[in-house]
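Everything on this sheet refers to the single structure shown next.
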Number of protein chains: 2
Amino acid sequence: MTSDTRAKMVAGAADLMSRRGVNATSMREVVRHTGTPRGSISHHFPRGKQQLIEDAVVFAGRTVSGPLEHLVQSRGAIAGLRTFIGLWRQTLEKSKFEAGCPVLAVAVEQYVNDATEKDGAPDEAAQQHLLDLADGVFADWQRIMFTALRREGVAPVRARRLAALVIASTEGTVAMCRAARSAQPLEDVRQELELVLSSALAK
Amino acid sequence: MTSDTRAKMVAGAADLMSRRGVNATSMREVVRHTGTPRGSISHHFPRGKQQLIEDAVVFAGRTVSGPLEHLVQSRGAIAGLRTFIGLWRQTLEKSKFEAGCPVLAVAVEQYVNDATEKDGAPDEAAQQHLLDLADGVFADWQRIMFTALRREGVAPVRARRLAALVIASTEGTVAMCRAARSAQPLEDVRQELELVLSSALAK
DNA sequence: TCCTGACTATGACGATCGTCATAACTTCAC
DNA sequence: GTGAAGTTATGACGATCGTCATAGTCAGGA
């Protein structure tokens with residue numbers, strides 16, 4: 001098998017990133033947190049921390065899009081919304097509102113690596129690539145919602161906007177729940193989004 | 001006057017936090033970025049970086065709630081929504097999608113300070129206080145929207161949910177725009193939110 | 001058995017970080 | 001003018017960081 005160690009590092013990095021953010025997640029902490037050998041970092045991730053973060057972002061993307069796509073295809077858009085919000089609610093509550101969304105962390109922060117950037121300027125290309133990956137994850141989640149809405153009769157333009165609203169508001173709400181240390185905002189937003197979607201479907 | 005230096009530091013910290021996040025914003029960079037004297041840090045902020053971040057969060061909160069409250073009171077909830085989204089759109093475009101929301105950064109990250117935390121455990125109380133402040137800013141913005149909706153006839157419970165939806169989705173969309181380096185998501189979400197609000201007001 | 005390749009252990013390197021102590025510079029009432 | 005208080009300048013301290021080089025371990029095929 002392709003090394004269980006590597007997978008544990010990626011999952012651990014995603015978890016830590018969702019709690020502390022990208023820059024506050026050190027590779028030393030990842031191996032401490034996951035019980036993996038520090039010496040294996042440069043073996044499994046030759047491009048270093050940058051590569052670990054990249055893998056963590058797409059890992060987090062797949063972790064959500066898997067169940068989401070499944071539920072959406074078998075039970076429709078509204079069930080997909082409930083699944084999406086329910087997944088984040090679980091993450092928040094199981095971690096006592098410490099963990100959030102690692103993809104959002106990448107979208108909010110700017111990754112700076114002092115070691116490889118001797119000169120003042122941060123590595124432009126590396127940051128752009130991380131943003132591309134985060135954008136790709138968001139676009140993937142949106143695509144799933146979009147497809148479901150289309151299949152249930154919503155016009156293309158409207159479906160795109162609604163999918164954007166669902167993903168964006170959920171991500172924002174996850175952060176607000178973290179700040180409030182309460183799942184109340186998620187509940188409020190879920191109710192309103194269900195109203196919006198069912199009224200768009202009834203049209 | 002109570003030291004122009006101090007104000008510049010706070011504003012500069014808020015700007016840097018919105019671009020890089022909390023942990024990637026160093027005090028040395030704040031003084032570099034604002035042209036303020038490094039030696040004045042411990043004079044104006046005896047509690048150090050923690051205090052600077054706290055001040056930056058409430059500064060960012062006021063910067064938005066000022067215009068927002070004004071527009072909402074003179075022209076109503078829908079105008080308030082347009083103002084709120086318009087402010088973020090300006091921030092994003094003027095910075096070429098590098099700057100975002102510093103309050104969101106606090107809500108997404110976890111502030112860790114190696115200097116004052118010799119032992120492994122991060123300072124629990126400090127982090128909680130930052131979250132309280134971020135939560136307070138979000139609550140303040142929500143309160144403004146809530147009051148406007150109430151005044152225009154929306155039932156209390158519904159008004160609370162709608163206010164939460166507006167703030168959360170806008171914050172989430174700002175992050176998504178940063179990832180996409182495009183204002184398109186903000187435009188999509190704005191349109192849908194206007195539909196939701198006007199239909200709630202027409203009820 | 002031995003060798004080869006994949007993996008792990010460990011410590012050094014240069015850098016930045018936040019904080020602090022100390023000294024110098026202003027400003028202005030007295 | 002001369003203190004004193006409010007500021008600013010500067011460098012040191014201990015810590016962590018990401019990376020790298022080197023050496024060690026350990027499978028399984030020849």
Side-chain angles (χ1 to χ4, degrees), chain A residues 1-10 12-13 16-17 20-56 109-123 125-127 130, chain B residues 1-10 12-13 16-17 20-56 109-123 125-127 130:
Chain A
M1 74 191 171
T2 69
S3 177
D4 177 58
T5 299
R6 213 197 113 103
K8 277 206 285 192
M9 284 178 172
V10 172
L16 278 176
M17 282 163 58
R20 311 177 169 240
V22 179
N23 290 295
T25 297
S26 73
M27 319 214 62
R28 287 168 151 95
E29 187 120 25
V30 170
V31 307
R32 225 173 302 159
H33 187 257
T34 56
T36 46
R38 168 155 145 347
S40 307
I41 288 179
S42 47
H43 184 260
H44 292 297
F45 306 92
R47 287 194 354 269
K49 185 177 180 180
Q50 169 86 21
Q51 186 178 5
L52 177 59
I53 297 170
E54 291 168 4
D55 285 15
E109 295 183 54
Q110 176 176 149
Y111 171 51
V112 308
N113 183 337
D114 301 327
T116 55
E117 302 158 10
K118 329 283 199 179
D119 45 0
D123 188 340
Q127 167 67 6
L130 282 181
Chain B
M1 72 192 170
T2 69
S3 176
D4 177 58
T5 298
R6 213 196 113 104
K8 277 206 285 194
M9 285 176 171
V10 172
L16 279 176
M17 282 163 58
R20 310 175 168 243
V22 179
N23 289 296
T25 297
S26 72
M27 319 214 62
R28 287 166 150 97
E29 187 120 24
V30 170
V31 307
R32 224 174 301 157
H33 186 257
T34 56
T36 46
R38 169 152 108 72
S40 306
I41 288 179
S42 47
H43 184 260
H44 291 298
F45 305 92
R47 288 198 349 271
K49 185 176 180 180
Q50 168 87 20
Q51 185 178 5
L52 177 59
I53 297 170
E54 292 169 3
D55 285 14
E109 296 183 52
Q110 177 177 148
Y111 171 49
V112 307
N113 184 337
D114 301 327
T116 55
E117 301 158 10
K118 327 285 199 181
D119 45 359
D123 187 340
Q127 168 67 4
L130 281 180

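Lettering of chains follows the sequences in order, A, B, ..., and the numbering in each one begins at 1.
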B:His43 side chain: which of C:dG18, D:dT8, C:dT8 is closest? D:dT8

Let me know the distance between CZ of A:Arg38 and P of D:dA21, rounded to the nearest Å. 15 Å

Any side-chain N or O of B:Thr5 under 4.0 Å from OP1/OP2 of D:dT8? yes

Beyond-backbone contact of B:Phe45 with B:Met9, side-chain heavy atoms, under 4.5 angstrom: yes

Looking at CG of B:Leu16 and CD of B:Glu29, how far apart are the two atoms once the value is rounded to the nearest 0.5 Å? 6.0 Å

Could you tell me which residues satisfy salt bridge (Lys or Arg N to Asp or Glu O under 4.0 Å) with B:Arg28, sequence neighbours excluded, listed by chain and number? none

Please report the distance, rounded to the nearest Å, between CD1 in A:Ile53 and C1' in D:dG18. 11 Å

Options C:dC20, C:dT8, D:dT19, nucleotide nearest the side-chain atoms of A:Pro37: C:dT8

Kindly write out the residues that satisfy side-chain hydrogen bond (donor to acceptor under 3.5 Å, both in side chains) with A:Thr36, not counting sequence neighbours, or none if the list is empty. A:Thr34

Rounded to whole Å, OH of A:Tyr111 lies from C1' of D:dT19 at a distance of 10 Å

So does A:Asn113 get a side-chain nitrogen or oxygen closer than 4.0 Å to the phosphate oxygens (OP1/OP2) of D:dT19? yes

Go through residues 21-33 of chain B and report each residue with a non-hydrogen atom lying under 4.0 Å from DNA chain D, sorted by number. B:Arg28

If you take all heavy atoms of B:Val112 and A:Ala24, which pair is closest and at what distance? CG2-CB, 4.1 Å

Rounded to whole angstrom units, what separation is found between the NZ atom of B:Lys49 and the P atom of D:dA15? 19 Å

Using whole Å, what does the distance between atom P of nucleotide D:dT19 and atom CD of A:Gln51 come to? 10 Å

Under 4.0 angstrom between B:His44 side-chain N/O and D:dG6 OP1 or OP2: no

Distance check needed: C:dG18 P versus B:Gln50 CD, whole Å only. 13 Å

Atom pair distance, as rounded to whole Å: CG in A:Asp114 and C1' in C:dT16: 5 Å

Is any side-chain nitrogen or oxygen of A:Ser40 closer than 4.0 Å to OP1 or OP2 of C:dA9? no

Integer-rounded Å distance: D:dT7 C1' and B:Phe45 CZ: 14 Å

Side-chain donor/acceptor pairs under 3.5 Å, residues 46-54 of chain A, sequence neighbours excluded:
residue : atom : partner  : partner atom : Å
A:Arg47 : NH2  : A:Glu54  : OE1          : 2.5
A:Arg47 : NH2  : A:Glu54  : OE2          : 3.0
A:Lys49 : NZ   : A:Val22  : O            : 3.4
A:Lys49 : NZ   : A:Thr25  : O            : 2.8
A:Gln50 : NE2  : A:Glu54  : OE2          : 2.9
A:Gln50 : NE2  : A:Ala126 : O            : 3.2
A:Gln51 : OE1  : A:Arg47  : N            : 3.0
A:Glu54 : OE2  : A:His129 : ND1          : 3.0

Residues in side-chain hydrogen bond (donor to acceptor under 3.5 Å, both in side chains) with A:Ser26, at least two apart? none

